Amino acid sequence: MSDIHPRDLATSHRRLKLDTLVRLRWLAIAGQTSALLVVHFILEYPLQLSFCFALVAASAWINIFLKIRQPQLHRLSERSATLQLAYDLTQLGGLLALTGGLGNPFAFLLLAPVMVSAAGLSAHKTVLLGILATAIATFLAWVHLPLPWPGAEDFALPPLYLTGVWVALVLSLCFMGAYAFRVAEEARQLSDALTASELVLAREHHLHALDGLAAAAAHELGTPLATIYLTAKELSGDLQGVENQPITAGHRDDIALILSQAERCREILSKLSSLSDDRDQNFQGLPLSHLIEEVVEPCRAFGVAIDIDIRGDGPEPIGLRNPAIPYGLGNLLENAIDFADSTVKITARWDAQEVRIEIADDGTGFAPDVITRLGEPYVTARGGGRDARPGQGKSGGGLGLGFFIAKTLLERTGADLRLRNRPPPAKGAVVRISWPRMAMDGRPGGPQTWQEITGAIAAGSAPDRTLPNGSSSL
């Protein structure tokens, strides 16, 4: 996961399409025009109609210019989108200043550009637009033309009521902006994390598919290789009957070399052709102890001692391999090694009800403010950030996107994942993964290939984790 970074995946989410803002502005232009016409011609309220329509026309001309200048699917930079939304706020503020200020019921439309920013732009740009909207609201509270109203006398709100409207507008800006940004940000993070999951699983699937490709290549190469081998053998027999030829000895050596190399190629192709055979170890029953050893073996050279304790009641669980389980367990083990001081312990237990695997390290444990949020996308301890786990060194691993992917994969296989710190005086963190023994031994269904696992993650489903023939998916 080191080559997939959240910033790379999130870039496209921060770029609004120009067509989106143009369409929203046309909608605002239509609404503003309708309101002005109704107030002036139907309600017959006095109104600075020429100045108001000048502001509406300015927005229309900007839209026309943008549609001509830029292609429809052009994505704006954050700066360009912020400037356009700032213009929309200023234009609306000008209309409100000509039509009663905060006394105008449409004053709360100042929230709209800030909500658009919260849903599509960064927090920094949303805060800037919120400050601009607050400044415009403050200006409108004291500087504005009278509200269009029938009769000779101007309609004026009491100062206390006007202050209340200003406070309500500012609080709405803060609350609704923060809420919209948080909801949109969580959706973006989840989308980015699932995209990264699909990339990782697709990569693993391509590697797994090489087995079938190798078998196909072995099949195609078998015929020409057999022809070469047979021809070389016949030449060897023919040359054995030829005497008194000065080049015969050299030919014999060359043909012997061809035969030996052809035989070696036949052996290699035989091995390749068995990679996708049902007899291959990838499709044999895989005991729990072998699974753990397979996960641990690549991590033994990391400089941290790994202790393994495996025992249980009854026969050891044996099932067919599900690629999600070694990947998820390996990711959790690497995280434990990153945070451990000297030792990581893997404990496996089973009984008639469940199968449990615990991965414990002797580091400083999970920080209290992080442990409740681990498993969410991009909650990370890498680099000593705000979610840093105490005691992590410079080379320590993170608990962000990789942990999210591991947790998602394991839960899609039917596992339950729990986190806790070891009770004093011991120190360190413990990750506990458990599967129901009944599901492992017999209940059918569940994703078994990388395509199925990727589809399960993308669809948000939680299929069972055993094979259709009833075998478990270790």
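All figures in this text were calculated on a predicted structure; none of them were measured in a lab. FYI, side chains are in, hydrogens and waters are out, and symmetry mates aren't considered; it's all heavy atoms of this structure.
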Exercise: identify the closest heavy-atom pair between [X] and [Y]:
X    : Y    : value
L169 : A137 : CD2-CB, 3.5 Å
L417 : I433 : CD1-CG1, 4.2 Å
A133 : L173 : CB-CD1, 3.7 Å
A180 : A118 : CB-CB, 3.9 Å
L291 : P326 : CD1-CG, 3.8 Å
A340 : V304 : CB-CG1, 4.1 Å

Rounded to the nearest 0.5 Å, how far apart are [atom1] of [X] and [atom2] of [Y]?
X    : Y    : atom1 : atom2 : answer
L110 : D88  : CG    : CG    : 11.0 Å
T134 : L129 : OG1   : CG    : 10.5 Å
C299 : I346 : SG    : CD1   : 8.0 Å
L18  : R69  : CG    : CZ    : 11.5 Å
L83  : S77  : CG    : OG    : 8.0 Å
D416 : R356 : CG    : CZ    : 12.0 Å

Side-chain contact test, heavy atoms from C-beta onward, threshold under 4.5 Å: evaluate it for [X] versus [Y] and give yes or no.
X    : Y    : result
I136 : L89  : yes
D309 : K345 : yes
W435 : L410 : yes
E293 : I308 : yes
L128 : H124 : yes
I306 : T343 : no
E354 : S434 : yes
F339 : T364 : no

Review point. Is there a side-chain contact (heavy atoms from CB on, under 4.5 Å) between Q84 and L66 once you walk through the steps?
Key: CA-CA 11 Å; Q84 291 202 40; L66 291 174; 3.4 Å; yes
Any donor and acceptor pair, going by atom type alone, linking the side chain of [X] with main-chain N or O of [Y] inside 3.5 Å?
X    : Y    : value
S260 : L257 : yes
T82  : E78  : yes
D361 : I337 : no
W350 : P315 : yes
S80  : L76  : no
T20  : L16  : no

Practice item. Please check if atom CZ in R418 has more than 12 non-hydrogen atoms from other residues, nucleotides or ligands closer than 6.0 Å. Key: no
Exercise for review: Count the heavy atoms belonging to other residues, nucleotides or ligands that lie under 6.0 Å from CZ of F302, then report whether that count exceeds 12.
Suggested key: yes
Practice item. Show the numbers, then the answer: is there a side-chain contact (heavy atoms from CB on, under 4.5 Å) between V344 and I359? Key: CA-CA 7 Å; V344 172; I359 302 175; 4.0 Å; yes
Practice item. Give a yes or no on whether a salt bridge exists between R349 and D351, defined as a side-chain N under 4.0 angstrom from a carboxylate O. Key: no
Point to revise | Salt bridge K427-D341, side-chain N to carboxylate O under 4.0 Å | key: yes
Exercise for review: Any chance you could lay out the side chain to side chain donor-acceptor pair (under 3.5 Å) test for D362 and S342, step after step, and finish with the verdict?
Suggested key: CA-CA 7 Å; D362 60 350; S342 60; 2.7 Å; yes
**Study point:** Step-by-step side-chain contact (heavy atoms from CB on, under 4.5 Å) determination, T347 to I357
**Key:** CA-CA 6 Å; T347 305; I357 298 177; over 6 Å; no
Check your understanding: Where do V431 and E358 land on the side-chain contact (heavy atoms from CB on, under 4.5 Å) test, with the steps shown first?
Key -> CA-CA 6 Å; V431 180; E358 287 191 353; over 6 Å; no
